[in-house]
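When a ligand or atom number is given, it counts from 1 through the structure's own listing order. We use all heavy atoms of the structure for the numbers below, so side chains are in, but hydrogens, waters and symmetry mates are not.
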Amino acid sequence: MTKPIEVRNPRTGKFDYVIIPPPSKLLVQQCKRTRRAQVRWQQLGLEGRIEALQQWKQAILSGRDRLTEALVNDTGRLSISVLEIDSFLSSIDRWCRLAPELLQESAKNTAIPFIALQQTSVPYPLVGIISPWNFPLLLSTIDTIPALLAGCAVIVKPSEIAPRFVAPMITALNAVPKLHDVLTFVEGEGATGSLLIENVDLVCFTGSVATGRKVAEAAAKRFIPAFLELGGKDPAIVLESANLELATSAILWGSVVNTGQSCLSIERIYVAESIFEKFYHQLVAKAHRLQLAYPTIESGEIGPIIAERQAAIISDHLQDAVEKGAVIHCGGVIEDLGGGWWCRPTVLTQVNHSMKVMTEETFGPIMPVMPFSRVEEAVSLANDSIYGLSAAVFASEAEALEVAYQIDAGAISINDAGLTAMIHEGEKNSFKFSGLGGSRMGAAALKRFMRKKAILMKTNATNDPWWFENGE
Ligand code: NAD
């Protein structure tokens with residue numbers, strides 16, 4: 001029997017849920033069983049797999065209330081949980097619609113007329129998915145759906161900080177026997193994730209850089225692909241030509257939605273010095289209008305900080321900034337309300353790159369604003385980071401495009417924020433320490449679960465010109 005893990009409720013601070021990680025032996029057996037079942041799943045063909053996924057979707061819809069309740073208890077937020085479930089369900093439809101074209105195989109001519117090529121792809125048998133707590137459902141399923149459609153079997157290890165949503169997902173899975181054998185959720189902490197990597201054929205990891213490094217090392221030892229989606233410190237650059245009203249609204253949303261607990265949150269803002277004062281006054285005024293979703297969950301826009309350890313990180317970054325001369329204009333404290341940790345939208349000025357709040361991932365609703373005098377300086381500040389997840393630029397279209405091309409990040413939103421979370425077509429890589437491996441967006445998101453296989457066939461009955469002349 002493994003040690004039970006108690007799970008904290010982010011609104012009450014009470015440990016009101018328990019998970020029990022599987023003993024190592026059982027997990028290894030589970031991986032073997034799931035890999036064996038993959039053969040039938042692949043043989044089922046794409047149509048059969050689509051049908052099974054649609055049945056799962058229907059089963060989830062029938063138990064939607066329970067799933068919502070679990071996710072709300074995991075994250076302490078309501079509207080975003082509803083959105084998360086909607087996005088997950090629509091991703092099933094989207095991938096079911098796209099997969100037939102993406103998985104089409106074809107015969108091709110080669111440069112040599114008597115050699116025919118059949119280009120095929122073979123799924124990795126067993127994919128392991130390890131996910132974080134900030135969007136527990138979405139980030140456990142974002143890679144799962146395309147992997148399943150590609151023909152892989154999948155074992156998901158969600159975060160131990162927000163695991164309540166797993167039970168209703170399993171209930172829905174039980175209604176779809178064909179899928180039940182090839183999709184499993186296992187509960188546990190790092191040790192369970194680490195053992196999973198030892199027993200799968202490909203790993204998709206979403207989480208911190210520190211853990212990502214361990215995952216990459218473990219996968220490298222086994223020569224299995226590791227797709228890593230890690231942290232970020234997304235910059236926003238606001239040029240003089242920007243529409244200020246639009247920029248402040250978009251940046252506020254992009255920084256504090258989900259209480260800033262999003263990998264692609266805007267975490268640092270560089271503003272042309274000619275509009276700097278006006279910009280931050282407007283941002284502060286708009287930030288003041290947002291309310292905590294407390295005491296009732298239906299009220300306000302800002303939910304609690306989900307992971308207790310994150311509250312300490314936010315607090316540390318704020319303290320470090322103030323000690324080095326930053327000025328806080330609103331928010332700026334971690335409040336203990338009803339046992340949960342809360343932080344109101346916080347605007348800081350007098351910031352610089354000696355501060356953690358400008359260089360390390362804060363993962364909170366914190367908006368440090370820094371002026372720049374020349375566009376080149378803004379680009380250089382934006383690129384002065386170990387991260388390269390995404391970024392935003394606010395300016396006239398031509399100017400913004402010129403800046404966008406110079407930013408070292410995988411996705412750039414122009415005159416908007418976080419677009420890569422909404423627009424699934426745009427393929428992107430995570431630059432620098434923000435990740436490794438193929439794009440999780442666009443067609444590549446599905447194709448990366450397949451290994452390419454070239455079947456080359458000689459179609460004539462004469463000796464090839466490169467054979468030994470005397471070798472008949
Ligand atoms: P984390 O790295 O602490 O944990 C992520 C997952 O890894 C958890 O399920 C955890 O149990 C597991 N884990 C821990 N040690 C492991 C090990 N040695 N081997 C295998 N698995 C292990 O991250 P977190 O705090 O849960 O999530 C927050 C981080 O995730 C932030 O840095 C955020 O930026 C990042 N994130 C990135 C994206 C993206 O798409 N780039 C999206 C969301 C979150």
**Request:** Test side chain to side chain contact (heavy atoms under 4.5 Å, CB included) on Thr420 and Ile412 and set out the steps.
**Result:** CA-CA 8 Å; Thr420 180; Ile412 318 287; over 6 Å; no

May I have every N or O pair linking ligand 1 to the protein at under 3.5 Å, one per line with atom names and distance?
from, atom 1, to, atom 2, distance (Å)
ligand 1, 2 (O), Ser208, N, 2.9
ligand 1, 2 (O), Ser208, OG, 2.6
ligand 1, 2 (O), Thr211, OG1, 2.7
ligand 1, 3 (O), Arg309, NH2, 3.1
ligand 1, 9 (O), Ser131, O, 2.8
ligand 1, 9 (O), Lys157, NZ, 2.9
ligand 1, 11 (O), Lys157, NZ, 2.8
ligand 1, 11 (O), Glu160, OE1, 2.7
ligand 1, 23 (O), Ser208, N, 3.4
ligand 1, 25 (O), Trp133, NE1, 2.9
ligand 1, 25 (O), Arg309, NH2, 2.5
ligand 1, 26 (O), Trp133, NE1, 3.4
ligand 1, 30 (O), Gly207, O, 3.4
ligand 1, 32 (O), Glu361, OE1, 2.6
ligand 1, 34 (O), Glu361, OE1, 3.4
ligand 1, 34 (O), Glu361, OE2, 2.5
ligand 1, 40 (O), Arg440, NH1, 3.2
ligand 1, 41 (N), Leu230, N, 3.3
ligand 1, 41 (N), Leu230, O, 2.7

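A salt bridge is absent between Asp384 and Arg268; no separation between the charged side-chain nitrogens and carboxylate oxygens falls under 4.0 Å. Between Glu301 and Arg289, no side-chain nitrogen of the basic residue sits less than 4.0 Å from a carboxylate oxygen of the acidic one, so the salt-bridge criterion is not met.
Ring geometry for Trp133 against Phe363 counts as perpendicular: the plane angle is over 60°, on a 0 to 90° scale with 30° as the lower cut. The aromatic rings of Phe165 and Phe185 sit perpendicular to each other, their planes meeting at more than 60°, with 30° as the lower class boundary.
Close placement of the Phe88 and Trp56 rings is indicated, their centers lying within 6.0 Å of each other.
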